Trainee: 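So that we are looking at the same thing, I have put the structure below in structure tokens.
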Amino acid sequence: MTLIEPRLSRGLRDLLPEDTLARQHMIDVVRGVYELYGFVPLTTPAVEYLDVLSGSGGQEIQQSIFTVSNPEEEQLGLRFDHTVPLARVIAQYKELPKPFRRYSIGPVWRADKPGPGRFREFVQFDIDSVGVQSELADTEIICGICDSMEALGVSNYQVRFSSRRVLNLLLAYASITPERSVDVFRVIDKLEKIGPKKVRLELTAGYTDESGDRITGLGLTAEQADQIEKFIAIRSPKRADVVKELGGTFGSVPGAAEEIAVLEKMSHNLDVAGYRDDRVIIDLSIARGLAYYNGPVFETILMDAPQFGSVFSGGRYDDLVMRFLGERVPATGASMGVDRLLAALRALDKIRLRKSTAEVLVTTFDSSMKDDYTAMTFELRRAGIRTELYMGTDRAGKQIKYGDRLEIPIVLLYGPDEKAKGVVTIKDMSAGRARAQQLTGSRDRWLQERPGQFEVPRAELVAAVRKLLAEPPAFTERT
RNA sequence: GCCGAAGUAGCUCAGCUGGCUAGAGCACUAGAUUGUGGAUCUAGGGGUCAAGGGUUCGAGUCCCUUCUUCGGUACCA
């Protein structure tokens, strides 16, 4: 018999229970925030028609789409984000009430070459408001980002926003054609990463980096680069100052006053909602690389883990539905990089890792008492306590060890002795974990001490377990 | 895509100018301990030395090719 090697195609990975629980927890928290805002969930298939995904043109785009075959031999592919399927749904279900404010959570696929921290299948959490032109919609997305970060226990973060329209006006002012503007945005967006010198070189003549790689410049003139530098030099920790200076320097550019006013309104809305300069700033170097953004753009940095880059970013994209309807539908939204944020939260020690969902393990070390164990287990489950019944008749040591390895906080011991006395032995596993740190050698003492163990009347089992679960554990747990 | 580095047990690695049956630590399994987690002791399982070819009496070690992984860089709708 030829054995099949267990393996995964490159760029794909498994998430073992511990990782899945951490991810689930994070998603639940953020979902809770946006449901608090009244967003509704939307689920679309992983597979879409290829032309729906890639539009009429876009060969580059098609290269990173995984194609899929079906019996009808249709041209299909896996979605690479949630935004395009959303645009399709908007166009297809015209009866949907507007504004349509929805969130989508699920895997997306990109057939790129995987790199460190980059996979071919990854989960995105998207929130979008469709059908609202008002900057209130953009503001609300930003507020939700802030609330999400705080609900996740991160206080030191910064949401930075800018506006593509303001940037576009600037580029026009610097005599840069609209076709080139996306290239320019891409370079400006690197400011934080590579510094102003390299940005200037990349905007103009290009340069050769340390590894000998040739970076092609955009070929702008020195005057054009000057203009761009003058613009992105406008920075301040206070939103009002940025708006003011922007108005002073560029207010006379045709159409600029109107767009600067949008930034001002957003800033005002944020103030009213209670999100001040310490959390949300205007940063004119935020451009985002995506071509379809046409209004406010924003991103989120964890100040204690900036190396992870933006963990939650987005912007306004009023023209995406055009592809399907031929008419403009205003839309704005953001996408949370679930895996990136999770990695950052782990680095910051903000995620409690759990190996099991069970709070209680019922051990079964006397085979004549199987019915007692089953009854006990379901009694706890009906009381809403997450309970695992040990399967098998291994000796007590193994069963307790199993609970220990899965970090189940409570283990129940119930044998003939307990039954005769009408009690259950409850074992608070955290106590033993703390004790084991101090105790060296001496197995006898370890056996005698039985840390964290106590008996309660069998009838009071549920109440006692509830009480113990409500108490703070004896050892320090991450929240 | 480009530049660089590395691939030996599940993980981290040792293995000298080519030479006994390829090792260690950790992890895992079992026992000491069939009613108690940790520590300790004992035993055990686990390897196509990334793959293929070449040189050689002999290759984990040298040469070539391919693959993969990790850095950096570019791209990222």
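Predicted, not measured: the structure shown is a model, and the values here were computed from it. Quick note on labels: first sequence line is chain A, next is B, and so on, each numbered from 1.
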Trainee: Please state the P separation for the pair B/U17 and B/U61 - nearest whole angstrom.
Mentor: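 Nearest-Å result for B/U17 against B/U61 at atom P: 14 Å.
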Trainee: What integer number of Å spans the P atoms of B/A50 and B/G10?
Mentor: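 Result for the P pair: 13 Å, nearest Å.
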Trainee: Taking the side chain of A/Ala436 as heavy atoms from C-beta outward, which of B/U36, B/G38, B/U34 is closest to it?
Mentor: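 Of the candidates, B/G38 comes closest.
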Trainee: Would you say a side-chain N or O of A/Trp446 is under 4.0 Å from OP1 or OP2 of B/G37?
Mentor: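 Yes.
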Trainee: I need the CG-C1' distance between A/Leu413 and B/G35, as an integer number of Å.
Mentor: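 After rounding, the gap between these two atoms is 8 Å.
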Trainee: Would the distance check show the side chain of A/Arg323 and the main-chain N or O of A/Arg88 forming a donor-acceptor pair, the cut-off being under 3.5 Å?
Mentor: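 Such a contact is absent between A/Arg323 side chain and A/Arg88 backbone.
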Trainee: Under 4.0 Å between a side-chain N/O of A/Lys401 and OP1 or OP2 of B/G38, yes or no?
Mentor: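 Checking A/Lys401 against B/G38: at least one side-chain N or O falls below 4.0 Å of OP1 or OP2.
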Trainee: Any salt bridge linking A/Asp318 with A/Arg165? Criterion: basic side-chain nitrogen under 4.0 Å from a carboxylate oxygen.
Mentor: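 Yes.
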Trainee: When rounded to the nearest Å, what value does the distance between C1' atoms of B/C49 and B/A14 take?
Mentor: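 B/C49 and B/A14 have their C1' atoms separated by 13 Å.
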Trainee: Between A/Thr425 and A/Glu418, do the side chains contain a donor N or O and an acceptor N or O under 3.5 Å apart?
Mentor: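 Yes, side-chain donor-acceptor contact under 3.5 Å.
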Trainee: Across all strands shown, which nucleotide pairs with B/U68 by Watson-Crick or G-U wobble geometry, both distances under 3.5 Å?
Mentor: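 The base-pairing partner of B/U68, which may sit in any strand shown, is B/A6.
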Trainee: Is there a donor on the side chain of A/Lys427 or the base of B/G37 sitting less than 3.5 Å from an acceptor on the other?
Mentor: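 Indeed there is one.
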Trainee: Regarding A/Arg288 and A/Glu299, does a basic nitrogen lie under 4.0 Å from an acidic carboxylate oxygen?
Mentor: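 Yes, this pair counts.
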Trainee: Please classify the nucleic acid contact of A/Gly397 as base, sugar-phosphate, or nothing, using heavy-atom distances under 4.0 Å.
Mentor: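 It contacts sugar-phosphate atoms only.
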Trainee: Report yes if at least one side-chain N or O of A/Arg435 is closer than 4.0 Å to OP1 or OP2 of B/U36; otherwise report no.
Mentor: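 No, outside the criterion.
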Trainee: By the 4.0 Å heavy-atom rule, please label A/Arg186 as base, sugar-phosphate, or nothing.
Mentor: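 Sugar-phosphate: the residue A/Arg186, judged by heavy atoms under 4.0 Å, touches backbone atoms but no base.
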Trainee: Can you check the A/Asp319 CG to B/A77 C1' distance for me, whole Å?
Mentor: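 Result: 15 Å.
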Trainee: Counting any heavy atom closer than 4.0 Å, what does A/Asp81 reach on the DNA or RNA strands: base, sugar-phosphate only, or nothing?
Mentor: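 The residue A/Asp81 makes no contact with any strand.
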Trainee: Could you check whether A/Phe39 and A/Tyr34 have their ring centres less than 6.0 Å apart?
Mentor: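 Yes.
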Trainee: Among the candidates B/C28, B/G35, B/A77, find the nucleotide nearest to the side-chain atoms of A/Ile65.
Mentor: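 For A/Ile65, the side-chain atoms sit closest to B/A77.
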Trainee: Using a heavy-atom cut-off of 4.0 Å across all strands, would you classify A/Arg110 as base, sugar-phosphate, or nothing?
Mentor: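 Base, at least one base atom sits under 4.0 Å.
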Trainee: Can you check whether A/Arg443 has a side-chain N or O nearer than 4.0 Å to OP1 or OP2 of B/C41?
Mentor: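 Result: no.
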Trainee: Sort out the partner of B/G31 for me: Watson-Crick or G-U wobble, both distances under 3.5 Å, none otherwise.
Mentor: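 Partner of B/G31: B/C41.
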Trainee: Output the rounded distance in Å from CZ (A/Phe119) to P (B/U69).
Mentor: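 The distance from CZ of A/Phe119 to P of B/U69 comes to 11 Å, rounded to the nearest Å.
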Trainee: Taking A/Asp404 first and then A/Lys401, would you say they form a salt bridge - that is, a charged N and a carboxylate O separated by under 4.0 Å?
Mentor: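 No.
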Trainee: Regarding A/Gln399, tell me which of base, sugar-phosphate or nothing describes its non-hydrogen contacts under 4.0 Å with the strands shown.
Mentor: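 No contact at all - A/Gln399 keeps every heavy atom at 4.0 Å or more from the nucleic acid.
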Trainee: Starting the side chain at C-beta, find the nucleotide from B/C28, B/U36, B/G35 nearest to A/Phe365.
Mentor: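 Per side-chain heavy atoms of A/Phe365, the pick is B/G35.
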Trainee: Just to be sure I understand the rule, does A/Ile400 reach a base, reach only the sugar-phosphate, or reach nothing, if contact means heavy atoms closer than 4.0 Å?
Mentor: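 Base contact.
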Trainee: Determine the Euclidean distance between corresponding P atoms of B/G45 and B/A22; express it in Å to zero decimal places.
Mentor: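 Straight-line distance between the two P atoms is 15 Å.
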Trainee: Please report the distance, rounded to the nearest Å, between CD in A/Gln438 and C1' in B/A39.
Mentor: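 Distance check: A/Gln438 CD to B/A39 C1' gives 13 Å.
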Trainee: Could you work out the separation of B/G44 and B/G52 based on their C1' atoms and round it to a whole Å?
Mentor: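 It works out to 35 Å between them.
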Trainee: When the distance from OH of A/Tyr390 to P of B/U36 is rounded to whole Å, what number comes out?
Mentor: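 So the OH-P distance, A/Tyr390 to B/U36, works out to 15 Å.
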Trainee: B/G53 and B/C11: how far apart are their P atoms, nearest whole angstrom?
Mentor: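 Between the two P atoms, the distance is 26 Å.
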Trainee: Whole angstrom is fine here: how far is it from CG in A/Asp444 over to P in B/C41?
Mentor: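 That distance rounds to 17 Å.
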Trainee: Among the nucleotides B/G37, B/U36, B/A77, which one has an atom lying closest to any side-chain atom of A/Pro451?
Mentor: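 Of the options given, the side chain of A/Pro451 lies nearest B/G37.
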Trainee: From the list B/G35, B/G37, B/A77, which nucleotide is the closest neighbour of the side chain of A/Thr425?
Mentor: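 Looking only at heavy atoms from C-beta outward on A/Thr425, the closest nucleotide is B/G35.
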Trainee: Base, sugar-phosphate, or nothing for A/Tyr402, non-hydrogen atoms under 4.0 angstrom?
Mentor: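 Since no nucleic acid heavy atom lies under 4.0 Å of A/Tyr402, the category is nothing.
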Trainee: Pick base, sugar-phosphate or nothing for A/Glu418, based on heavy-atom distances below 4.0 Å to the nucleic acid.
Mentor: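 The answer is base, as A/Glu418 lies within the cut-off (heavy atoms under 4.0 Å) of a base atom.
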Trainee: Between B/G47 and B/G7, how far apart are the two C1' atoms, rounded to whole Å?
Mentor: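 Those two atoms are separated by 14 Å.
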Trainee: Distance check needed: B/G37 C1' versus A/Asp394 CG, whole Å only.
Mentor: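 Whole-Å distance recorded here is 14 Å.
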Trainee: Are A/Asp138 and A/Thr332 close enough, and set up right, to give a side chain to side chain donor-acceptor pair (under 3.5 Å), and what steps lead you there?
Mentor: CA-CA 6 Å; A/Asp138 307 273; A/Thr332 184; 2.6 Å; yes
Trainee: With rounding to the closest Å, how many angstrom separate the P atoms on B/G54 and B/C70?
Mentor: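 Their P atoms lie roughly 32 Å apart.
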Trainee: Going by the angle between their ring planes, with limits at 30° and 60°, are A/Tyr402 and A/Tyr390 parallel, tilted or perpendicular?
Mentor: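 Geometry flag for A/Tyr390 against A/Tyr402: perpendicular rings.
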